[in-house]
Amino acid sequence: MKQVEALEAPPPPIISVAGGVFNVFHMQSTAGMLQLEYKGHSFWGKHYFFIRPMLTAMATFQGSLYAAGGLAFDIPLGKYAFITPSFAAGFYIKNGGKDLGYPIENRSAIELSGAFKGGYRLGLQFYHLSNGSLSRTNPGAECLLLQLSIPIN
């Protein structure tokens with residue numbers, strides 16, 4: 001069995017732009033969405049696993065907004081691919097979009113991306129928004145996005 005190749009240094013901080021579908025599993029109430037995300041310098045990890053802070057902001061075409069902060073866990077799959085689970089807590093504003101039941105919403109995400117020369121990445125991100133039963137209403141929402149990540153040095 002071939003061993004996964006370790007990275008010599010942590011990945012650089014990145015800014016990601018993404019577009020996709022909000023509430024992807026409920027076809028009668030889906031909406032287009034845009035997202036901007038920042039993943040900072042790794043503060044823990046070496047070669048096979050890197051933990052870094054992240055900030056994310058999302059807007060749906062129906063006017064809903066979400067902004068959050070949390071942690072991303074970069075796991076290299078060789079030199080040219082990453083799997084990145086992340087967890088964040090933030091604030092959701094419904095506006096004309098889906099009622100998620102409470103303004104505080106948690107995000108659990110998984111991202112699979114390919115890395116290119118210069119540290120650029122292209123990938124898919126899937127996540128679930130939930131208030132964790134902080135209110136009686138907790139319908140949650142799932143989002144699927146195509147994401148381009150740009151390194152910042």
Is there a donor-acceptor contact under 3.5 Å linking the side chains of [X] and [Y]?
| X | Y | answer |
| --- | --- | --- |
| Ser64 | Tyr92 | yes |
| Glu37 | Thr56 | yes |
| Arg107 | Ser86 | yes |
| Asn23 | Ser29 | yes |

Side chains of [X] and [Y] in contact at under 4.5 Å (non-hydrogen atoms):
| X | Y | value |
| --- | --- | --- |
| Tyr66 | Glu105 | yes |
| Pro53 | Leu55 | no |
| Phe73 | Phe49 | yes |
| Ile150 | Ile14 | no |
| Leu122 | Tyr120 | no |
| Glu142 | His26 | yes |
| Leu77 | Leu112 | yes |
| Tyr38 | Ser16 | no |

- Query: If you count the non-hydrogen atoms of other residues, nucleotides and ligands that lie under 6.0 Å from CZ in Phe116, is the total more than 12?
  - Reply: yes
Closest heavy-atom pair and its distance - [X], [Y]:
| X | Y | value |
| --- | --- | --- |
| Pro139 | Asp99 | CG-O, 3.3 Å |
| Ser108 | Phe87 | OG-CD2, 4.1 Å |
| Pro151 | Gly118 | CG-O, 3.0 Å |
| Lys98 | Gly140 | NZ-O, 2.7 Å |
| Asn131 | Leu100 | ND2-O, 2.9 Å |

Membership question, hydrophobic clusters at under 4.5 Å side-chain separation (ILVMFWY): are [Y] and [X] in the same one?
| X | Y | result |
| --- | --- | --- |
| Leu146 | Met33 | no |
| Ile83 | Leu144 | yes |
| Leu145 | Leu129 | yes |
| Tyr127 | Phe22 | yes |
| Ile93 | Leu36 | no |

Between [atom1] of [X] and [atom2] of [Y], what distance do you get to the nearest 0.5 Å?
| X | Y | atom1 | atom2 | answer |
| --- | --- | --- | --- | --- |
| Lys39 | Ile15 | NZ | CD1 | 10.5 Å |
| Phe82 | Ser149 | CZ | OG | 10.0 Å |
| His128 | Asn106 | NE2 | CG | 9.0 Å |
| Cys143 | Gln125 | SG | CD | 9.0 Å |
| Ser42 | Asp74 | OG | CG | 8.0 Å |
| Leu65 | Asn95 | CG | CG | 5.5 Å |

Practice prompt. Using the side-chain contact (heavy atoms from CB on, under 4.5 Å) rule, take Leu71 and Phe43 through it: C-alpha gap first, then chi angles, then the decisive distance, then the call.
Written response: CA-CA 10 Å; Leu71 295 174; Phe43 63 85; 3.8 Å; yes
* Go through the steps to decide whether Tyr102 and Asn138 satisfy the test side-chain contact (heavy atoms from CB on, under 4.5 Å), and finish with yes or no. => CA-CA 8 Å; Tyr102 203 70; Asn138 184 22; over 6 Å; no
Q: Please test His41 against Arg52 for side-chain contact (heavy atoms from CB on, under 4.5 Å), starting from the C-alpha separation and ending with a verdict.
A: CA-CA 6 Å; His41 285 284; Arg52 50 202 204 155; over 6 Å; no
Show the numbers, then the answer: is there a side-chain contact (heavy atoms from CB on, under 4.5 Å) between Arg121 and Thr84? CA-CA 12 Å; Arg121 296 186 194 181; Thr84 308; 4.0 Å; yes
